[in-house]
2 protein chains.
Amino acid sequence: MEMQQAKEKFISTWGSLGTLWGINKAMAQIQALLFVSTKPLSTEEIMEELKISRGNTSMNVRQLIDWGIVSKELVPGERREYFSTEKDVQELARIIAQERSRREIQPVIKTLEEVSSIKDDGTAATKEFIKQTKALHDLAHTADSMLGKLVNQKQNWLTKSLFKFIK
Amino acid sequence: MEMQQAKEKFISTWGSLGTLWGINKAMAQIQALLFVSTKPLSTEEIMEELKISRGNTSMNVRQLIDWGIVSKELVPGERREYFSTEKDVQELARIIAQERSRREIQPVIKTLEEVSSIKDDGTAATKEFIKQTKALHDLAHTADSMLGKLVNQKQNWLTKSLFKFIK
DNA sequence: TTAAACTTTCAAAAATTATTGAAAGTTATT
DNA sequence: AATAACTTTCAATAATTTTTGAAAGTTTAA
(Lines give C-alpha, C1' and ligand atoms only; values in the text may rest on other atoms or scores of the structure.)
Protein backbone atom coordinates (compact mmCIF):
# COMPACT_ATOMS: atom_id res chain seq x y z
CA MET A 1 0.00 0.00 0.00
CA GLU A 2 1.14 3.51 -0.78
CA MET A 3 1.43 6.21 1.83
CA GLN A 4 -1.34 8.35 0.36
CA GLN A 5 -3.69 5.41 0.16
CA ALA A 6 -2.82 4.28 3.68
CA LYS A 7 -3.44 7.79 4.98
CA GLU A 8 -6.84 7.96 3.32
CA LYS A 9 -7.78 4.57 4.65
CA PHE A 10 -6.71 5.51 8.15
CA ILE A 11 -8.64 8.78 8.13
CA SER A 12 -11.75 7.16 6.77
CA THR A 13 -11.63 4.24 9.21
CA TRP A 14 -11.03 6.54 12.12
CA GLY A 15 -13.88 8.72 10.91
CA SER A 16 -16.38 5.90 10.79
CA LEU A 17 -15.20 4.84 14.22
CA GLY A 18 -16.33 8.21 15.51
CA THR A 19 -19.60 6.72 16.73
CA LEU A 20 -17.65 4.42 19.01
CA TRP A 21 -16.50 7.34 21.05
CA GLY A 22 -19.56 9.48 20.40
CA ILE A 23 -18.42 12.15 17.98
CA ASN A 24 -19.26 12.79 14.35
CA LYS A 25 -17.38 11.76 11.25
CA ALA A 26 -15.83 15.09 10.34
CA MET A 27 -14.66 15.65 13.89
CA ALA A 28 -13.01 12.23 14.00
CA GLN A 29 -11.42 12.74 10.60
CA ILE A 30 -9.96 16.10 11.53
CA GLN A 31 -8.49 14.54 14.64
CA ALA A 32 -7.09 11.65 12.57
CA LEU A 33 -5.53 14.05 10.10
CA LEU A 34 -3.83 16.06 12.82
CA PHE A 35 -2.77 12.89 14.58
CA VAL A 36 -0.56 11.77 11.70
CA SER A 37 0.57 15.20 10.62
CA THR A 38 4.17 16.26 11.24
CA LYS A 39 3.12 19.84 11.86
CA PRO A 40 0.11 21.88 13.02
CA LEU A 41 -2.42 22.56 10.24
CA SER A 42 -4.49 25.62 9.37
CA THR A 43 -8.23 25.68 8.67
CA GLU A 44 -7.39 26.06 4.99
CA GLU A 45 -5.19 22.97 4.96
CA ILE A 46 -7.77 20.87 6.80
CA MET A 47 -10.51 21.95 4.36
CA GLU A 48 -8.26 21.09 1.46
CA GLU A 49 -7.19 17.66 2.71
CA LEU A 50 -10.60 16.47 3.83
CA LYS A 51 -12.64 18.28 1.18
CA ILE A 52 -14.98 19.81 3.69
CA SER A 53 -16.34 23.34 4.00
CA ARG A 54 -14.96 26.17 6.05
CA GLY A 55 -17.97 26.19 8.36
CA ASN A 56 -17.77 22.49 9.00
CA THR A 57 -14.06 22.73 9.72
CA SER A 58 -14.50 25.64 12.08
CA MET A 59 -17.29 24.02 14.08
CA ASN A 60 -15.65 20.65 14.43
CA VAL A 61 -12.24 22.04 15.32
CA ARG A 62 -13.92 24.10 17.99
CA GLN A 63 -15.59 20.97 19.37
CA LEU A 64 -12.30 19.11 19.42
CA ILE A 65 -10.81 21.98 21.38
CA ASP A 66 -13.78 21.80 23.70
CA TRP A 67 -13.08 18.11 24.26
CA GLY A 68 -9.50 19.04 25.11
CA ILE A 69 -7.81 16.96 22.41
CA VAL A 70 -6.90 19.71 19.97
CA SER A 71 -5.16 22.97 20.69
CA LYS A 72 -4.43 26.19 18.86
CA GLU A 73 -0.85 26.83 17.92
CA LEU A 74 0.18 30.40 17.37
CA VAL A 75 2.93 30.73 14.82
CA PRO A 76 4.89 33.96 15.47
CA GLY A 77 4.37 36.53 12.79
CA GLU A 78 1.44 34.64 11.29
CA ARG A 79 -2.12 35.78 11.36
CA ARG A 80 -3.90 32.49 10.87
CA GLU A 81 -4.42 29.84 13.52
CA TYR A 82 -2.84 26.43 13.37
CA PHE A 83 -4.16 23.34 15.11
CA SER A 84 -2.56 20.25 16.55
CA THR A 85 -3.87 17.27 18.46
CA GLU A 86 -2.62 15.40 21.49
CA LYS A 87 -0.07 12.99 20.08
CA ASP A 88 0.19 10.57 22.97
CA VAL A 89 -2.33 7.77 22.53
CA GLN A 90 -2.61 6.98 26.21
CA GLU A 91 -3.33 10.57 27.07
CA LEU A 92 -5.80 10.74 24.22
CA ALA A 93 -7.65 7.66 25.48
CA ARG A 94 -7.69 9.10 28.99
CA ILE A 95 -9.25 12.36 27.87
CA ILE A 96 -11.85 10.62 25.73
CA ALA A 97 -12.85 8.22 28.51
CA GLN A 98 -13.09 11.07 30.98
CA GLU A 99 -15.23 13.22 28.70
CA ARG A 100 -17.60 10.42 27.76
CA SER A 101 -18.07 9.61 31.39
CA ARG A 102 -18.82 13.19 32.28
CA ARG A 103 -21.06 13.89 29.31
CA GLU A 104 -23.02 10.68 29.01
CA ILE A 105 -22.49 8.07 31.67
CA GLN A 106 -22.86 10.27 34.73
CA PRO A 107 -26.20 11.80 33.68
CA VAL A 108 -27.55 8.29 33.07
CA ILE A 109 -26.39 7.14 36.50
CA LYS A 110 -28.28 10.06 37.98
CA THR A 111 -31.46 9.06 36.16
CA LEU A 112 -31.07 5.43 37.21
CA GLU A 113 -30.71 6.48 40.81
CA GLU A 114 -33.81 8.61 40.52
CA VAL A 115 -36.07 6.04 38.88
CA SER A 116 -34.89 3.18 41.09
CA SER A 117 -35.90 5.18 44.16
CA ILE A 118 -39.64 5.23 43.54
CA LYS A 119 -41.89 4.05 46.32
CA ASP A 120 -42.49 0.31 46.43
CA ASP A 121 -46.27 -0.08 46.16
CA GLY A 122 -46.06 -3.82 46.62
CA THR A 123 -47.03 -4.85 43.08
CA ALA A 124 -44.88 -7.32 41.21
CA ALA A 125 -44.32 -4.86 38.38
CA THR A 126 -42.97 -2.18 40.72
CA LYS A 127 -40.83 -4.65 42.61
CA GLU A 128 -39.27 -5.87 39.36
CA PHE A 129 -38.73 -2.34 38.11
CA ILE A 130 -36.95 -1.30 41.29
CA LYS A 131 -34.84 -4.43 41.39
CA GLN A 132 -33.71 -4.19 37.78
CA THR A 133 -33.02 -0.46 37.68
CA LYS A 134 -31.09 -0.73 40.96
CA ALA A 135 -28.96 -3.51 39.48
CA LEU A 136 -28.29 -1.36 36.44
CA HIS A 137 -27.46 1.59 38.63
CA ASP A 138 -24.97 -0.46 40.61
CA LEU A 139 -23.29 -1.77 37.49
CA ALA A 140 -23.09 1.64 35.84
CA HIS A 141 -21.76 3.18 39.00
CA THR A 142 -19.13 0.49 39.47
CA ALA A 143 -18.03 0.66 35.84
CA ASP A 144 -17.83 4.41 35.96
CA SER A 145 -15.74 4.42 39.14
CA MET A 146 -13.41 1.91 37.58
CA LEU A 147 -13.04 4.12 34.55
CA GLY A 148 -12.42 7.05 36.89
CA LYS A 149 -9.63 5.22 38.67
CA LEU A 150 -7.99 4.22 35.43
CA VAL A 151 -8.33 7.67 34.01
CA ASN A 152 -6.63 9.32 36.92
CA GLN A 153 -3.46 7.34 36.44
CA LYS A 154 -1.56 9.48 34.03
CA GLN A 155 1.17 7.04 33.04
CA ASN A 156 0.56 3.82 31.13
CA TRP A 157 -2.77 3.27 32.75
CA LEU A 158 -3.99 0.71 30.30
CA THR A 159 -0.93 -1.46 30.32
CA LYS A 160 -0.68 -1.29 34.07
CA SER A 161 -4.25 -2.29 34.63
CA LEU A 162 -4.03 -5.07 32.10
CA PHE A 163 -0.99 -6.37 33.92
CA LYS A 164 -2.77 -6.27 37.26
CA PHE A 165 -5.72 -7.99 35.78
CA ILE A 166 -3.85 -10.87 34.25
CA LYS A 167 -1.89 -11.45 37.45
CA MET B 1 -42.30 9.92 41.07
CA GLU B 2 -44.98 7.50 39.99
CA MET B 3 -44.24 4.07 38.61
CA GLN B 4 -45.58 4.83 35.13
CA GLN B 5 -43.59 8.03 34.93
CA ALA B 6 -40.44 6.31 36.20
CA LYS B 7 -40.86 3.55 33.65
CA GLU B 8 -41.22 6.01 30.80
CA LYS B 9 -38.22 7.95 31.99
CA PHE B 10 -36.15 4.80 32.26
CA ILE B 11 -37.11 3.57 28.78
CA SER B 12 -36.47 6.93 27.20
CA THR B 13 -33.11 7.40 28.95
CA TRP B 14 -32.01 3.91 28.05
CA GLY B 15 -33.16 4.54 24.48
CA SER B 16 -31.10 7.67 24.09
CA LEU B 17 -28.15 5.85 25.59
CA GLY B 18 -28.34 3.42 22.68
CA THR B 19 -25.56 5.27 20.88
CA LEU B 20 -23.22 4.53 23.77
CA TRP B 21 -23.34 0.88 22.96
CA GLY B 22 -23.93 1.31 19.26
CA ILE B 23 -27.56 0.38 18.70
CA ASN B 24 -30.56 2.43 17.68
CA LYS B 25 -33.22 4.01 19.85
CA ALA B 26 -36.05 1.57 19.21
CA MET B 27 -33.77 -1.39 19.79
CA ALA B 28 -32.58 0.01 23.11
CA GLN B 29 -36.11 0.87 24.18
CA ILE B 30 -37.42 -2.59 23.43
CA GLN B 31 -34.60 -4.06 25.47
CA ALA B 32 -35.35 -1.63 28.32
CA LEU B 33 -39.03 -2.55 28.26
CA LEU B 34 -38.30 -6.26 28.44
CA PHE B 35 -35.67 -5.66 31.09
CA VAL B 36 -38.18 -4.34 33.61
CA SER B 37 -41.09 -6.55 32.57
CA THR B 38 -42.23 -9.32 34.89
CA LYS B 39 -43.09 -11.57 31.96
CA PRO B 40 -42.17 -12.12 28.30
CA LEU B 41 -43.96 -9.77 25.90
CA SER B 42 -45.49 -10.33 22.47
CA THR B 43 -44.90 -8.16 19.39
CA GLU B 44 -48.36 -6.73 19.92
CA GLU B 45 -47.60 -5.71 23.51
CA ILE B 46 -44.27 -4.13 22.57
CA MET B 47 -45.93 -2.13 19.74
CA GLU B 48 -48.61 -0.97 22.14
CA GLU B 49 -46.28 0.09 24.97
CA LEU B 50 -43.70 1.86 22.84
CA LYS B 51 -46.11 3.17 20.19
CA ILE B 52 -44.04 1.83 17.33
CA SER B 53 -45.05 -0.06 14.19
CA ARG B 54 -45.14 -3.78 13.65
CA GLY B 55 -42.31 -3.66 11.13
CA ASN B 56 -40.09 -1.65 13.41
CA THR B 57 -40.78 -3.99 16.29
CA SER B 58 -40.09 -7.07 14.20
CA MET B 59 -36.79 -5.80 12.82
CA ASN B 60 -35.42 -4.55 16.10
CA VAL B 61 -36.43 -7.62 18.07
CA ARG B 62 -34.69 -9.71 15.46
CA GLN B 63 -31.54 -7.62 15.86
CA LEU B 64 -31.66 -7.99 19.63
CA ILE B 65 -31.90 -11.75 19.17
CA ASP B 66 -28.96 -11.51 16.79
CA TRP B 67 -26.96 -9.72 19.49
CA GLY B 68 -27.85 -12.53 21.85
CA ILE B 69 -29.61 -10.44 24.48
CA VAL B 70 -33.22 -11.30 23.67
CA SER B 71 -34.72 -14.73 23.20
CA LYS B 72 -38.00 -16.17 21.99
CA GLU B 73 -40.20 -17.79 24.57
CA LEU B 74 -42.67 -20.34 23.34
CA VAL B 75 -45.81 -20.42 25.43
CA PRO B 76 -47.44 -23.86 25.16
CA GLY B 77 -50.70 -23.79 23.28
CA GLU B 78 -50.11 -20.26 22.01
CA ARG B 79 -49.45 -19.34 18.46
CA ARG B 80 -47.71 -16.03 18.90
CA GLU B 81 -44.11 -15.53 19.98
CA TYR B 82 -43.10 -13.93 23.24
CA PHE B 83 -39.78 -12.25 23.92
CA SER B 84 -37.66 -11.78 26.99
CA THR B 85 -34.24 -10.26 27.60
CA GLU B 86 -31.27 -11.37 29.64
CA LYS B 87 -32.09 -10.18 33.14
CA ASP B 88 -28.65 -10.37 34.70
CA VAL B 89 -26.86 -7.05 34.27
CA GLN B 90 -23.37 -8.52 34.42
CA GLU B 91 -24.18 -11.04 31.75
CA LEU B 92 -25.81 -8.31 29.68
CA ALA B 93 -22.72 -6.13 29.94
CA ARG B 94 -20.51 -9.07 28.98
CA ILE B 95 -22.50 -9.83 25.86
CA ILE B 96 -22.59 -6.21 24.78
CA ALA B 97 -18.85 -5.74 25.30
CA GLN B 98 -18.12 -8.91 23.39
CA GLU B 99 -20.33 -8.00 20.46
CA ARG B 100 -19.00 -4.48 20.16
CA SER B 101 -15.49 -5.79 20.18
CA ARG B 102 -16.26 -8.31 17.48
CA ARG B 103 -18.31 -5.98 15.30
CA GLU B 104 -16.39 -2.76 15.57
CA ILE B 105 -13.11 -2.83 17.44
CA GLN B 106 -11.56 -5.87 15.81
CA PRO B 107 -12.08 -4.67 12.23
CA VAL B 108 -10.46 -1.36 13.17
CA ILE B 109 -7.48 -3.14 14.70
CA LYS B 110 -7.06 -5.03 11.47
CA THR B 111 -7.05 -1.79 9.47
CA LEU B 112 -4.58 -0.18 11.86
CA GLU B 113 -2.25 -3.13 11.47
CA GLU B 114 -2.52 -2.88 7.72
CA VAL B 115 -1.90 0.84 7.37
CA SER B 116 0.90 0.88 9.94
CA SER B 117 2.76 -1.72 7.89
CA ILE B 118 3.43 0.40 4.83
CA LYS B 119 6.99 0.65 3.62
CA ASP B 120 9.06 3.36 5.27
CA ASP B 121 10.22 5.57 2.42
CA GLY B 122 12.34 7.70 4.73
CA THR B 123 10.24 10.88 4.57
CA ALA B 124 9.23 12.57 7.80
CA ALA B 125 5.53 12.28 6.88
CA THR B 126 5.74 8.53 6.42
CA LYS B 127 7.79 8.05 9.57
CA GLU B 128 5.24 9.99 11.59
CA PHE B 129 2.35 8.10 10.02
CA ILE B 130 3.86 4.72 10.83
CA LYS B 131 4.79 5.74 14.36
CA GLN B 132 1.37 7.11 15.22
CA THR B 133 -0.73 4.38 13.63
CA LYS B 134 1.47 1.75 15.30
CA ALA B 135 0.90 3.41 18.68
CA LEU B 136 -2.83 3.43 18.05
CA HIS B 137 -2.73 -0.19 16.99
CA ASP B 138 -0.92 -1.18 20.17
CA LEU B 139 -3.38 0.70 22.34
CA ALA B 140 -6.42 -0.70 20.58
CA HIS B 141 -5.01 -4.18 20.71
CA THR B 142 -4.18 -3.93 24.41
CA ALA B 143 -7.57 -2.47 25.28
CA ASP B 144 -9.36 -5.11 23.29
CA SER B 145 -7.42 -7.96 24.92
CA MET B 146 -8.24 -6.52 28.30
CA LEU B 147 -11.89 -6.42 27.38
CA GLY B 148 -11.59 -10.00 26.16
CA LYS B 149 -10.13 -11.12 29.47
CA LEU B 150 -12.85 -9.38 31.43
CA VAL B 151 -15.54 -10.71 29.19
CA ASN B 152 -14.48 -14.29 29.57
CA GLN B 153 -14.90 -14.22 33.30
CA LYS B 154 -18.52 -15.14 33.66
CA GLN B 155 -19.05 -14.28 37.31
CA ASN B 156 -18.89 -10.74 38.70
CA TRP B 157 -16.21 -9.72 36.29
CA LEU B 158 -16.59 -6.03 36.77
CA THR B 159 -16.56 -6.04 40.53
CA LYS B 160 -13.64 -8.44 40.59
CA SER B 161 -11.54 -6.40 38.25
CA LEU B 162 -12.34 -3.21 40.07
CA PHE B 163 -11.23 -4.84 43.30
CA LYS B 164 -7.97 -5.99 41.76
CA PHE B 165 -7.37 -2.59 40.36
CA ILE B 166 -7.89 -0.67 43.57
CA LYS B 167 -5.68 -3.05 45.50
C1' DT C 1 -10.18 54.60 10.89
C1' DT C 2 -10.17 51.55 7.28
C1' DA C 3 -9.16 47.59 5.05
C1' DA C 4 -7.56 43.07 4.79
C1' DA C 5 -7.27 38.53 6.67
C1' DC C 6 -9.09 35.71 8.99
C1' DT C 7 -12.99 33.01 12.11
C1' DT C 8 -17.66 32.14 13.49
C1' DT C 9 -22.53 31.69 12.95
C1' DC C 10 -26.64 29.83 11.26
C1' DA C 11 -30.52 29.10 7.99
C1' DA C 12 -31.06 26.24 4.19
C1' DA C 13 -29.90 21.98 1.70
C1' DA C 14 -28.14 17.46 1.51
C1' DA C 15 -27.19 13.13 3.35
C1' DT C 16 -28.12 9.65 6.37
C1' DT C 17 -30.82 6.86 9.35
C1' DA C 18 -35.13 5.26 11.31
C1' DT C 19 -39.94 4.21 10.81
C1' DT C 20 -44.14 2.99 8.70
C1' DG C 21 -47.55 0.04 6.72
C1' DA C 22 -49.16 -2.88 3.47
C1' DA C 23 -47.99 -6.86 0.78
C1' DA C 24 -45.66 -11.16 0.82
C1' DG C 25 -44.24 -14.99 3.39
C1' DT C 26 -44.72 -18.64 6.86
C1' DT C 27 -46.79 -21.96 9.92
C1' DA C 28 -50.45 -24.30 12.28
C1' DT C 29 -55.10 -25.83 12.23
C1' DT C 30 -59.30 -27.55 10.30
C1' DA D 1 -56.10 -27.67 0.37
C1' DA D 2 -57.90 -23.64 2.33
C1' DT D 3 -57.96 -20.46 5.89
C1' DA D 4 -56.51 -18.01 9.89
C1' DA D 5 -52.95 -16.23 12.74
C1' DC D 6 -49.21 -14.74 12.85
C1' DT D 7 -44.09 -12.76 11.19
C1' DT D 8 -41.04 -10.67 7.85
C1' DT D 9 -39.74 -7.72 4.13
C1' DC D 10 -39.03 -3.54 1.83
C1' DA D 11 -40.20 0.64 -0.88
C1' DA D 12 -41.81 4.92 0.45
C1' DT D 13 -41.81 8.51 3.86
C1' DA D 14 -40.41 10.88 7.91
C1' DA D 15 -37.16 12.35 11.22
C1' DT D 16 -32.71 13.44 12.41
C1' DT D 17 -28.10 14.72 11.71
C1' DT D 18 -24.52 16.72 9.05
C1' DT D 19 -22.76 19.90 5.84
C1' DT D 20 -22.64 23.97 3.18
C1' DG D 21 -21.72 28.70 2.08
C1' DA D 22 -22.44 33.28 2.47
C1' DA D 23 -23.10 36.96 5.75
C1' DA D 24 -21.69 38.70 10.08
C1' DG D 25 -18.16 39.13 13.35
C1' DT D 26 -13.38 39.77 14.99
C1' DT D 27 -8.62 40.91 15.05
C1' DT D 28 -4.43 42.89 13.29
C1' DA D 29 -1.88 46.13 10.78
C1' DA D 30 -1.28 50.11 7.99
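Within every chain, numbering begins at 1; the chains are lettered A, B, ... in the order of the sequence lines, protein sequences first and strands thereafter. Just the heavy atoms: all of them, side chains too, but no hydrogens, waters or symmetry mates, feed the values below.
Distances shown here put every side-chain N or O of B:R54 at or beyond 4.0 Å from the OP1 or OP2 atom of D:dT9.
Straight-line distance from the CZ atom of B:R80 to the P atom of D:dT7: 7 Å, rounded to whole Å. Distance, A:E78 CD to D:dT27 P: 19 Å, rounded to whole Å. For B:M27 and C:dT17, the CE to P distance is 16 Å, given to the nearest whole Å. The separation between A:E81 atom CD and D:dG25 atom P is 19 Å, rounded to whole Å. Between the CE atom of A:M59 and the P atom of D:dG25 there is a distance of 16 Å, rounded to whole Å. Regarding A:L74, its CG atom lies at a distance of 19 Å from the P atom of C:dA5, rounded to whole Å. Protein atom NZ of B:K51 is 16 Å distant from nucleotide atom P of C:dT19, rounded to whole Å. C:dT7 atom C1' lies 8 Å from atom NZ of A:K72, rounded to whole Å.
At least one side-chain heavy atom of B:V89 sits under 4.5 Å from a side-chain heavy atom of B:F35. A:Q31 is listed as a side-chain neighbour of A:L92, based on a closest heavy-atom distance under 4.5 Å.
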Using the 3.5 Å cut-off, write out each protein N or O paired with an N or O of nucleotides 24-30 of chain C and the distance between them.
residue	atom	partner	partner atom	Å
C:dT27	O2	B:R79	NH2	2.5

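Set against C:dT7, C:dC10, C:dT20, the side chain of B:S53 has C:dT20 as its closest nucleotide. Closest contact between the side chain of B:N56 and the listed nucleotides D:dT7, C:dT20, D:dT20 involves C:dT20.
Scanning both residues, A:N60 and A:I30, for their nearest heavy atoms gives CB-CD1, 3.7 Å. Across all their heavy atoms, A:A28 and A:G18 have their closest contact at CB-CA, 4.0 Å. Closest heavy-atom contact between A:L50 and A:L33: CG-CD2, 4.0 Å.
The residue among A:N24 and B:S58 whose nearest nucleotide of DNA chain D is located toward the 5' end is B:S58. Mapping A:S42 and B:N60 onto DNA chain C by nearest heavy atom places A:S42 at the nucleotide closer to the 5' end.
Atom CD of B:E48 has 12 or fewer heavy atoms from other residues, nucleotides or ligands within 6.0 Å.
If you run salt bridge (Lys or Arg N to Asp or Glu O under 4.0 Å) between B:E128 and each of A:K7, A:K39, A:K87, only A:K87 comes through.
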